[in-house]
Amino acid sequence: MTHQISNNHVKIEVKSKGAELCSLKKTNESLEYIWQADAKYWNRHAPILFPIVGKLIDDEYVYEKNNYSLSQHGFARDCDFELVSQTSDTLCFKLSENESTLEKYPFYFDLFISYKLMENRLKVSYEVRNNSKKTMYFSIGAHPAFNWSLENISEESSNKDEYYFEFEDTNNLERLPLTNMGIKKEIQNIKLEENKLYINEELFKDDALVIQNLKNKTITLKNNIDNRYIKMDFEGFEYSGLWSKPSGADFVCIEPWHGVADFIEHDKNIKNKIGIKSLEENEIFESEYYIEI
């Protein structure tokens, strides 16, 4: 099922499955800003990453001497959320533990995903509640994919080098190298051109760019064709990812993360996982980010 809200500036659609944003448009235009999940390249729009971000070594982790299996990015993106409230400009979805999740993740929890329209901005909020009588360990993150060719902008140019990420007050990115075996414990410095990182297929040949220590948590997707843009503000997130398929797919992801994939030498104990969050009994974690078009 899909749910819609709009204001005088923007309109969105969100699926109950995964509480996944599947459409973002200006109210008076037909141009779609969200990737439409072409299965030829990638069959998702903007999945919620929970209770892990990225991939675990051997797709498993250890908690209290027991082994549990979790596939990349966790299970929330494939679960049916309950719509708990809706107004003219807000949506709120909820996911709680069930028999299936408890087999993979032995914690009782409530996960709320909220969407709020604020003129030409969309606020996306996370709330995680620990309903267990023990410390709960988790990561959470966003994975929105945006149409980067935006074909309706210009039929005259197909040069993807005309598209770029623009950072604020940033000349250098600290990249954590991501491999099939996990993240390497080293830093690759990426030099920006006047705060810009130009987008091309070569950029993602080694998978996602996992970025740490970004001081200004604002990234804007722009082009050299017109004034359209997509801006993401994600203050409070420790990590971020930039990703696309190095195969000609016309989308790019800007991903704020509370957590990352396992590092290569990780012992699989979830308590020792770099970037992991923890909540005590009845404690609540809250976070939000914004998309502006």
Side-chain angles (χ1 to χ4, degrees), residues 1-48 81 83-93 113-126 142-168 196 198-199 217-235 242-244 249-256 288-293:
M1 181 179 294
T2 301
H3 307 273
Q4 304 175 9
I5 53 174
S6 64
N7 62 14
N8 292 330
H9 302 274
V10 294
K11 55 186 176 182
I12 68 168
E13 296 182 16
V14 181
K15 294 180 178 179
S16 293
K17 182 177 180 180
E20 184 177 12
L21 177 68
C22 60
S23 180
L24 171 61
K25 299 178 181 179
K26 292 186 177 180
T27 302
N28 59 351
E29 295 182 359
S30 62
L31 180 64
E32 178 61 75
Y33 283 79
I34 295 294
W35 169 250
Q36 289 303 290
D38 183 348
K40 178 181 177 181
Y41 297 105
W42 190 57
N43 64 348
R44 298 183 188 271
H45 307 276
I48 307 298
F81 280 66
L83 178 66
V84 292
S85 68
Q86 178 173 358
T87 68
S88 61
D89 59 359
T90 66
L91 292 167
C92 180
F93 297 86
I113 308 296
S114 300
Y115 297 90
K116 180 177 177 61
L117 302 181
M118 306 171 67
E119 295 187 339
N120 65 328
R121 303 178 84 200
L122 170 63
K123 178 182 179 181
V124 185
S125 303
Y126 299 151
H143 201 315
F146 303 106
N147 289 320
W148 73 336
S149 68
L150 295 177
E151 294 178 356
N152 292 345
I153 288 178
S154 172
E155 298 179 357
E156 301 173 359
S157 174
S158 60
N159 184 359
K160 294 174 185 176
D161 286 330
E162 295 191 45
Y163 292 80
Y164 56 89
F165 300 109
E166 184 174 74
F167 297 80
E168 296 187 9
K196 298 175 183 177
Y198 285 88
I199 299 171
K217 305 297 175 65
T218 299
I219 301 177
T220 306
L221 179 60
K222 290 185 174 181
N223 64 76
N224 289 325
I225 301 169
D226 66 7
N227 293 323
R228 293 185 187 273
Y229 66 90
I230 300 168
K231 178 188 287 188
M232 287 194 64
D233 295 302
F234 49 98
E235 188 65 37
L242 303 175
W243 178 73
S244 185
D250 286 333
F251 72 85
V252 66
C253 297
I254 304 175
E255 308 173 41
E288 68 273 340
Y289 69 90
Y290 299 83
I291 304 173
E292 179 181 321
I293 60 174

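Quick caveat, the model's predicted, so the values are computed rather than measured.
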Is any side-chain heavy atom of W42 closer than 4.5 Å to a side-chain heavy atom of S244? no
Check Q36 against N147 and note the closest heavy-atom contact, atom names and distance. N-OD1, 4.4 Å
To the closest 0.5 Å, what do you measure between CD1 (I254) and CD1 (I230)? 7.0 Å
Could you tell me if the ring centre of H143 sits under 6.0 Å from that of W35? no
Would you give the length of the straight line joining atom CD of Q86 to atom CZ of F93, rounded to the nearest 0.5 angstrom? 7.5 Å
Which is it for V252 and L242 under the side-chain contact (heavy atoms from CB on, under 4.5 Å) test, yes or no, and what are the steps along the way? CA-CA 7 Å; V252 66; L242 303 175; 5.7 Å; no
Determine yes or no for a side-chain-to-main-chain donor-acceptor pair under 3.5 angstrom, with N43 supplying the side chain and A37 the backbone. no
So, does E119 use its side chain to make a donor-acceptor pair with the main chain of R121 at under 3.5 Å? no
So does K17 have more than 12 non-hydrogen atoms from other groups sitting under 6.0 Å from NZ? no
Under 3.5 Å, side chain of Y115 to main-chain N/O of A19, donor-acceptor pair present? yes
The residue among Y41, F251, W148, F165 that forms ring-ring contact (aromatic ring centres under 6.0 Å, His included) with W243 is F251
Could you tell me if K15 and H45 have a donor-acceptor pair between their side chains, going purely by distance under 3.5 Å? yes
Tell me, with the steps shown, if F167 and T218 meet side-chain contact (heavy atoms from CB on, under 4.5 Å). CA-CA 6 Å; F167 297 80; T218 299; over 6 Å; no
Is E162 salt-bridged to K222, going by a charged N under 4.0 Å from an acidic O? no
Salt-bridge criterion met for R228 and D226 (N-O under 4.0 Å): yes
Looking at E32 and L24, would you say the former's side chain and the latter's main chain have a donor-acceptor pair under 3.5 Å? yes
Go through it in stages, so that I can follow the logic: the residues are L21 and V124, the test is side-chain contact (heavy atoms from CB on, under 4.5 Å), and I'd like the CA-CA distance, side-chain angles, deciding distance and then a yes or no. CA-CA 10 Å; L21 177 68; V124 185; 5.7 Å; no
Out of curiosity, I12 CD1 to K116 NZ, how far, rounded to the nearest 0.5 Å? 11.5 Å
With a 3.5 Å distance limit and no angle check, can you tell me whether T27 reaches the backbone of H9 through a side-chain donor-acceptor pair? yes
What's the shortest heavy-atom distance between K11 and S6, and which atoms? CB-CB, 3.5 Å
CD1 of I34 to NZ of K25, rounded to nearest 0.5 Å, is 11.5 Å
For P144 against A46, the heavy-atom pair lying closest together: CA-CB, 3.5 Å
Residues Y289 and E235: side-chain donor-acceptor under 3.5 angstrom: no
From CA spacing to verdict: side-chain contact (heavy atoms from CB on, under 4.5 Å), I291, Y33: CA-CA 11 Å; I291 304 173; Y33 283 79; over 6 Å; no
Heavy-atom closest pair, residues T2 and C22: CG2-SG, 4.2 Å
Taking atom OG of S88 and atom CG of L117, what is their separation to the nearest 0.5 Å? 8.5 Å
Look up atom CG in L122 and atom CE in M232, then write down how far apart they are to the nearest 0.5 Å. 9.5 Å
Do L83 and H3 make a side-chain contact, defined as non-hydrogen atoms from C-beta onward lying under 4.5 Å apart? yes
Can you establish whether the number of heavy atoms outside N7 located under 6.0 Å from its atom CG is more than 12? yes
Y164 ring centre to K196 NZ or CZ under 6.0 Å, with the angle to the axis within 45°? yes
